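Accompanying notes for the structure given below.
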Amino acid sequence: MAAVLPTSAANTSLTGLARALAQGGKLTAQQAEALLKQASSEKIPFIDALLQSGTMQPRELAAFCSDTFGYPLLDLSAFNLTFLPERLVDPKLMQSQRAVPLSKRGNKIAVGISDPTNTQALDQIKFQTELAVEPVLIEHHLLLQLIEKLSQSAEQNLNELIGDDLDINFSEDDLSAPAPDTATGAADIDDAPVVKFLQKILLDAINMGASDLHFEPFEKFYRIRFRVDGVLKEIAQPPLAIKEKLASRIKVISKLDISEKRVPQDGRMKLVVSKTKSIDFRVSTLPTLFGEKIVMRILDATQAQLGIDALGYDPDQKELLMDAIQRPYGMVLVTGPTGSGKTVSLYTCLNILNKPGINISTAEDPAEINLPGVNQVNVNDRAGLTFAVALKAFLRQDPDIIMVGEIRDLETADISIKAAQTGHMVFSTLHTNDAPATLTRLMNMGVAPFNIASSVILITAQRLARRLCTCKQPTTIPDETLLEAGYREEELDGTWVPYKPVGCERCSGSGYKGRVGIYQVMPISEEIERIILAHGTALEIEAQARAEGVKNLREAGLVKVKMGLTSLEEVLGCTNE
């Protein structure tokens with residue numbers, strides 16, 4: 001038990017480690033006060049002033065802190081440093097807070113510190129890693145040596161990559177693509193460390209199953225983040241000095257103008273991973289206050305070839321969708337926010353219909369997935385090739401099936417609907433919250449209700465929820481919470497249990513691995529057609545759809561919870577009732 005603070009010390013303003021040492025009798029109140037003042041005047045931490053004074057030795061201080069605060073004391077000489085977890089904590093945070101991640105197990109991380117009263121360090125690491133933090137004490141001078149070693153390793157990362165033998169390269173088409181050049185640009189793209197670093201980042205993104213890469217310049221640091229299973233994670237903070245070189249390299253292989261940094265640009269690039277596999281990236285640049293932010297979306301064509309079963313439709317939803325896409329004419333719409341998997345759903349349907357006797361044409365901005373046998377057109381507004389222009393051209397190309405990347409305006413909507421009414425199957429997407437709202441959105445755009453009713457045959461709204469990893473565990477949720485979420489009384493019969501995320505090495509401690517689709521599949525029935533013709537609202541359409549047995553997104557998500565595919569928290573977070 002810690003010693004009681006003497007009366008002379010009780011009247012002082014001692015805090016943190018100084019107060020603990022005074023309470024433990026290792027320092028007098030006067031000594032502690034003097035060291036605090038010295039640390040304040042020299043602008044150094046108290047622990048540095050203490051050890052510099054020679055009042056205590058690092059080993060003695062570490063043993064005292066271990067006994068007083070109950071934290072384990074680690075002998076670094078017996079610890080294998082090669083197993084330190086990588087990229088969990090920013091090196092700058094380790095330096096500023098003097099804390100080092102030592103090991104990760106499940107959803108817990110052991111963090112080495114020398115000052116147990118530095119709770120700010122533990123809080124910041126907990127916030128950055130989203131893991132439970134377990135403090136471990138290390139002698140102060142050994143901790144500083146370890147942090148210095150790790151920081152030097154991070155700084156040398158770019159140069160070390162020169163010697164890496166990465167089995168990837170950019171396609172010949174991308175490398176030989178003509179792009180405006182400048183003296184600076186030429187120097188930028190020929191920088192070998194930057195080239196190797198970019199290849200390493202792209203390879204890491206592919207191996208981690210990321211969907212997007214964010215390269216973000218700020219005033220005092222440069223950050224790279226990956227979106228994995230729908231959540232952004234910071235991966236690296238390379239030196240700020242490389243931001244221009246990295247941007248130039250990406251822009252050259254994406255066929256963008258490296259001399260233009262004032263306006264956004266869009267392009268694409270291809271990465272050849274092996275002789276049998278290549279992966280496309282859609283690239284978008286955006287001028288910000290401190291440089292160009294670049295976002296790269298990974299477009300993996302194999303996703304569209306997984307089949308309808310892999311998307312996660314319920315059996316009754318799958319039957320409705322398959323029936324709709326096999327019809328000779330009509331319109332099928334897929335709706336949802338950006339990144340909800342609309343493109344993969346549409347391409348999965350096209351892949352099913354892609355046969356030698358069928359002529360399929362698509363207009364996209366840009367074409368995301370290369371599908372052999374499908375005539376794909378990239379929309380180019382600046383050149384005058386809009387969705388409407390492409391659609392008019394398609395109708396003169398003897399099409400059977402047309403896919404429009406997105407219905408953005410009345411002209412595109414009108415041509416698409418006329419195509420659906422004249423013997424063509426039309427697929428497209430809209431950005432609306434659910435299926436009923438899609439119909440009212442078309443009416444608000446100016447499409448005549450009778451045209452909507454006579455052409456649209458099915459609408460699918462979708463979201464992507466994170467899929468629980470195999471480390472999931474059953475959990476107990478009060479019936480009141482389940483009822484409030486949307487379950488009915490009769491569903492709480494004890495025949496199923498909800499699961500919660502736990503965290504393991506496979507899922508990097510998050511408890512989730514991959515994603516599962518949540519769908520609202522609404523066929524347009526005769527009753528819904530009558531509501532459309534009567535200029536009905538989205539609420540009226542939704543009421544009729546529910547009466548016909550169509551699940552809304554929340555109800556569809558709750559089914560996935562019952563199946564143990566995702567957690568209740570995840571469904572509540574990505575759907576509205």
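Along the sequence shown, the residues carry numbers beginning at 1. The model shown is predicted, which means the values in this text are computed figures rather than measured ones.
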Item to check | Side-chain touch Arg515/Ser211, heavy atoms, less than 4.5 angstrom | outcome: yes
Checklist entry - Mind checking whether Leu271 and Ile253 have side chains closer than 4.5 Å, heavy atoms only? => result no
Item to check | Pairwise side-chain contact, Pro501 with Tyr512, heavy-atom cut-off 4.5 Å (strictly under) | outcome: yes
Item to check | Side chain to side chain, Leu286 and Val295, heavy atoms closer than 4.5 Å | outcome: no
Item to check | Residue pair Asp257, Lys251: steps toward the salt bridge (charged side-chain N to carboxylate O under 4.0 Å, His left out) verdict | outcome: CA-CA 7 Å; Asp257 185 350; Lys251 288 167 74 173; over 6 Å; no
Checklist entry - Asp280 and Arg297: salt bridge (charged side-chain N to carboxylate O under 4.0 Å, His left out), yes or no, with the steps? => result CA-CA 8 Å; Asp280 290 334; Arg297 169 156 290 188; over 6 Å; no
Checklist entry - Do any N or O atoms from the side chain of Glu364 and from the backbone of Gln376 form a donor-acceptor pair under 3.5 angstrom? => result no
Checklist entry - Tell me, do Leu321 and Cys349 make a side-chain contact under 4.5 Å, heavy atoms counted? => result yes
Next on the checklist: Is it the case that over 12 heavy atoms from other parts of the model lie below 6.0 angstrom from the CZ atom of Arg105?
Outcome noted: no
Next on the checklist: Checking Gln462 against Ser345: is there a side-chain donor and acceptor pair closer than 3.5 Å?
Outcome noted: yes
Checklist entry - What's the spacing between Ile201 CD1 and Leu246 CG if we round to 0.5 Å? => result 8.0 Å
Checklist entry - Is there a donor-acceptor pair under 3.5 Å between the side chain of Gln317 and the backbone N or O of Tyr519? => result yes
Next on the checklist: Between Arg249 and Val195, is the side chain to side chain contact (heavy atoms under 4.5 Å, CB included) condition met? List the steps.
Outcome noted: CA-CA 7 Å; Arg249 174 63 181 169; Val195 172; 3.8 Å; yes
Next on the checklist: Ignoring hydrogens and geometry beyond distance, is a side-chain donor-acceptor pair present between Thr412 and Asp409 at under 3.5 Å?
Outcome noted: yes
Next on the checklist: Please list all pairs meeting salt bridge (charged side-chain N to carboxylate O under 4.0 Å, His left out) that have one or both residues in residues 338-363, counting only residues at least two apart or in different chains.
Outcome noted: none
Item to check | Sequence-distant partners of Glu319, side-chain contact (heavy atoms from CB on, under 4.5 Å), two or more places apart | outcome: none
Item to check | Rounded distance [0.5 Å steps], OG in Ser284 versus CZ in Arg268 | outcome: 13.5 Å
Checklist entry - What's the shortest heavy-atom distance between Ala420 and Ser455, and which atoms? => result CB-CB, 4.0 Å
Item to check | Check ion pair Arg463-Asp434 (N to O, under 4.0 angstrom) | outcome: no
Checklist entry - Side chains of Phe427 and Val404: closer than 4.5 Å at any heavy-atom pair? => result no
Next on the checklist: When you measure from the side chain of Lys220 to the backbone of Leu240, do you find a donor-acceptor pair of N or O atoms at a distance under 3.5 Å?
Outcome noted: no
Checklist entry - Does any N or O in the side chain of Asp229 come within less than 3.5 Å of the main-chain N or O of Gly514, such that one atom is a donor and the other an acceptor? => result yes
Item to check | Side-chain heavy-atom pair Ile224, Leu213 within 4.5 angstrom cut-off | outcome: no
Checklist entry - Judged by atom type as modelled, is there a donor-acceptor pair below 3.5 Å linking the side chain of Ser248 to the main-chain atoms of Lys245? => result no
Checklist outcome for this item: Shortest non-hydrogen pair, Phe197 vs Pro238, comes out as CZ-CB, 3.8 Å
Checklist entry - To the nearest 0.5 Å, how far apart are CD in Glu411 and OG in Ser416? => result 10.0 Å
Next on the checklist: Looking at Tyr329, I'd like to know if its OH atom is crowded, meaning that more than 12 non-hydrogen atoms belonging to other residues, nucleotides or ligands lie closer than 6.0 Å.
Outcome noted: no
Next on the checklist: Any salt bridge linking Glu570 with Arg467? Criterion: basic side-chain nitrogen under 4.0 Å from a carboxylate oxygen.
Outcome noted: no
Checklist entry - Is a donor on one side and an acceptor on the other found under 3.5 Å between the side chain of Lys392 and the backbone of Ile415? => result no
Checklist entry - Nearest 0.5 Å, what's the CD-OG1 distance between Gln520 and Thr575? => result 11.0 Å
Next on the checklist: Run Val426 and Val332 through side chain to side chain contact (heavy atoms under 4.5 Å, CB included) and show every step you take.
Outcome noted: CA-CA 6 Å; Val426 179; Val332 172; over 6 Å; no
Item to check | Where Gly517 and Leu464 come nearest, the two heavy atoms and their spacing | outcome: CA-CD2, 3.9 Å
Next on the checklist: Would Thr429 and Leu333 count as a side chain to side chain contact (heavy atoms under 4.5 Å, CB included) here? Give the steps.
Outcome noted: CA-CA 5 Å; Thr429 71; Leu333 296 173; over 6 Å; no
Item to check | Heavy-atom donor-acceptor pair, Asn351 side chain to Tyr347 backbone, under 3.5 Å | outcome: no
Item to check | Non-hydrogen atoms of Ala419 and His424 that approach each other most closely | outcome: O-ND1, 3.0 Å
Item to check | Residue from His214, Arg225, Glu216 passing side chain to side chain contact (heavy atoms under 4.5 Å, CB included) with Glu234 | outcome: Arg225
Checklist entry - Relative to Tyr313, does Lys318 satisfy both conditions: NZ or CZ under 6.0 angstrom from the six-membered ring centre, and within 45 degrees of the ring's axis? => result no
Next on the checklist: Show the nearest heavy-atom pair for residues Asn433 and Leu553, with the distance to one decimal.
Outcome noted: O-CD1, 3.6 Å
Item to check | Interatomic distance, Lys293 atom NZ to Phe218 atom CZ [nearest 0.5 angstrom] | outcome: 7.0 Å
Item to check | Closest non-hydrogen atom pair, Met208 against Phe226 | outcome: SD-CD1, 3.7 Å
Checklist entry - Within a radius of less than 6.0 Å around NZ of Lys108, do more than 12 heavy atoms belonging to other residues, nucleotides or ligands occur? => result no
Checklist entry - Will you find, in the side chains of Thr432 and Thr335, an N or O donor that is under 3.5 Å from an N or O acceptor? => result yes
Next on the checklist: Has Lys472 got a side-chain atom pairing as donor or acceptor with Leu565's backbone, closer than 3.5 angstrom?
Outcome noted: no
Item to check | Donor-acceptor pair, side chain of Asn380 and main chain of Leu385, under 3.5 angstrom | outcome: no
Checklist entry - What's the verdict on side chain to side chain contact (heavy atoms under 4.5 Å, CB included) for Leu198 and Ile250, showing C-alpha distance, side-chain angles and the deciding distance? => result CA-CA 8 Å; Leu198 177 60; Ile250 293 172; 3.8 Å; yes
Checklist entry - Tell me, do Asp316 and Leu320 make a side-chain contact under 4.5 Å, heavy atoms counted? => result no
Next on the checklist: Strictly distance-based, threshold 3.5 Å: is any side-chain N or O of Asn359 a donor or acceptor partner for the main-chain N or O of Gln397?
Outcome noted: yes
Item to check | Rounded distance [0.5 Å steps], CE in Met269 versus CG in Leu256 | outcome: 10.5 Å
